[in-house]
Number of protein chains: 2
Amino acid sequence: MRIEDEIHQKEFKDDYRRLLANLLFTNNWVNQQLMPFFKELGLTLQQHNVLAILRGQHPEPVCFGDIQGRMVDRNSNVTRLIDKLIEKGFVTRDICQSNRRMIEVRITPNGLKKLQEVDAKFPVLFESFHNLTREEAVLVSNLLDKLRG
Amino acid sequence: MRIEDEIHQKEFKDDYRRLLANLLFTNNWVNQQLMPFFKELGLTLQQHNVLAILRGQHPEPVCFGDIQGRMVDRNSNVTRLIDKLIEKGFVTRDICQSNRRMIEVRITPNGLKKLQEVDAKFPVLFESFHNLTREEAVLVSNLLDKLRG
DNA sequence: GTACATCATTTGTTTATACAAGTATAAGTT
DNA sequence: AACTTATACTTGTATAAACAAATGATGTAC
């Protein structure tokens with residue numbers, strides 16, 4: 001469905017403004033599919049992002065700064081995210097002995113199990129993305145890279 | 001800059017997951033340019049969106065439902081957005097006489113002036129968008145339309 | 001015209017975001 | 001060693017998002 005129809009706007013002043021509206025609108029659209037998906041699994045999008053980062057380094061620990069630098073949403077407050085994940089038993093935190101300012105975060109077996117649960121249900125989540133061919137997905141992704149400069 | 005480098009991830013499992021990460025990341029990137037821009041002008045992104053919708057119908061009023069349906073971010077609480085805009089003197093609200101459940105919202109001269117102020121500074125905001133050619137902007141926009149189905 | 005469903009907006013509550021300021025450790029300087 | 005600066009994380013706070021429930025006006029069925 002064209003963005004003009006989605007937001008009941010006849011036309012945009014130029015193609016760049018149309019793209020801006022489309023990006024923001026599409027992001028909301030994506031989020032509204034992601035949020036209930038992750039909620040059902042007892043995670044938020046950001047919490048899942050952190051777990052995936054930790055699994056990527058497992059069994060090595062990751063410190064807060066590295067987590068932040070690898071997160072899709074850079075504005076997340078890592079301290080509070082990790083607090084939540086500890087509550088749920090998905091990660092552990094320890095003071096790094098070589099630099100006591102840093103915190104070593106590790107994913108637990110329970111955290112890994114939760115990620116497998118997420119992975120098992122991923123195909124459902126990605127159904128809508130297959131409205132684009134693989135080639136188109138690559139094309140959009142590369143153009144977004146170009147947009148950011 | 002490639003999304004892989006932005007979030008320090010070597011590779012993605014598939015092109016669709018890469019696109020998902022790229023969409024979310026790019027949206028955050030866009031927002032971090034938009035937010036300070038609008039903040040400096042005393043508006044939020046959603047408040048500006050409402051004002052632009054009202055200007056589109058001016059001098060006709062717009063009711064809450066129509067505002068919601070035209071907003072880029074559908075989750076916004078229109079009641080509270082309008083409250084803020086009234087505080088700032090940019091809109092007025094009146095009960096619709098033909099259907100007293102509805103609220104007629106109108107943009108004020110001050111609201112129009114604020115929008116002109118925004119428009120005057122828009123070119124700066126859109127500089128980064130010109131990393132894409134007009135053709136590329138159209139292409140991405142159309143592919144996003146296709147993605148949503 | 002009373003009862004019931006629907007519609008348009010409002011309010012409440014919980015959680016998350018944005019941003020600034022604070023604390024503790026480490027590293028560099030004189 | 002004392003002093004400054006930078007680093008890595010924490011805390012506080014004000015605002016906004018998400019979601020459910022409530023209010024009040026209108027339309028519809030009987």
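Labels below follow one simple rule: chain letters A, B, ... track the order of the sequence lines, proteins then strands, and each chain is numbered from 1. All values reported here derive from a predicted model rather than from experimental measurement.
- In this structure, A/Asn77 reaches the bases: a heavy-atom distance under 4.0 Å links it to at least one base atom across the strands shown.
- If you find the closest nucleotide of DNA chain D to B/Gln47 and to A/Pro36, the one lying nearer the 5' end belongs to B/Gln47.
- In this structure, NZ on A/Lys121 lies 5.5 Å from CD on A/Glu40, to the nearest 0.5 angstrom.
- Taking atom CE of residue A/Met102 and atom P of nucleotide D/dA6, one finds them 18 Å apart after rounding to whole Å.
- In terms of position on DNA chain D, the residue among A/Asn99 and A/Lys39 whose nearest nucleotide sits closer to the 5' end is A/Asn99.
- In this pair, B/Phe126 and B/Phe129 present their aromatic rings tilted. The plane angle is within the 30 to 60° band.
- Closest approach to the A/Cys63 side chain among C/dT10, D/dC9, D/dA18 is made by D/dC9 (side chain taken as heavy atoms from C-beta onward).
- Under 3.5 Å, the side chain of B/Arg100 and the base of D/dG27 form no donor-acceptor pair of N or O atoms.
- Taking only side-chain nitrogens and oxygens, A/Asn75 comes nearer than 4.0 Å to OP1 or OP2 of C/dA18.
- Salt bridge status for B/Arg17 with B/Asp14: present, with a side-chain N to carboxylate O gap under 4.0 Å.
- The shortest distance between the side-chain N/O atoms of A/Lys84 and the OP1/OP2 oxygens of C/dT15 is not below 4.0 Å.
- The distance between atom CE of A/Met71 and atom C1' of C/dT17, rounded to the nearest whole Å, is 12 Å.
- For the pair A/Cys96 and A/Arg80, both in contact range of DNA chain C, the more 5′-proximal nearest nucleotide belongs to A/Arg80.
- For A/Asp94 and A/Arg106, the salt-bridge test passes: some basic side-chain N is under 4.0 Å from an acidic carboxylate O.
- Protein atom CD1 of A/Ile103 is 9 Å distant from nucleotide atom C1' of D/dA8, rounded to whole Å.
- Between the CG atom of A/Asn31 and the C1' atom of C/dT17 there is a distance of 13 Å, rounded to whole Å.
- Residue B/Gln46 places at least one side-chain N or O under 4.0 Å from the OP1 or OP2 atom of D/dA17.
- For C/dC7, the base has a donor-acceptor partner in the side chain of B/Arg101 [N/O atoms by modelled type, under 3.5 angstrom].
- Heavy atoms of A/Arg74 sit nowhere under 4.0 angstrom from any nucleic acid atom.
- Rounded to a whole Å, the CD atom of A/Glu104 is 14 Å from the C1' atom of D/dC9.
- Note: CD (B/Gln68) to P (D/dC19) measures 13 Å, nearest angstrom.
- Atom CG in A/Leu45 sits about 17 Å away from atom P in D/dA17, given to the nearest Å.
- Across the protein-nucleic acid pair, A/Asp66 atom CG and D/dA8 atom P stand 9 Å apart, rounded to whole Å.
- Between B/Glu4 and B/Arg18, at least one side-chain N (NZ, or NE/NH1/NH2) sits under 4.0 Å from a carboxylate O, which counts as a salt bridge.
- Within 4.0 Å (heavy atoms only), A/Thr44 reaches sugar-phosphate atoms of the nucleic acid but no base atom.
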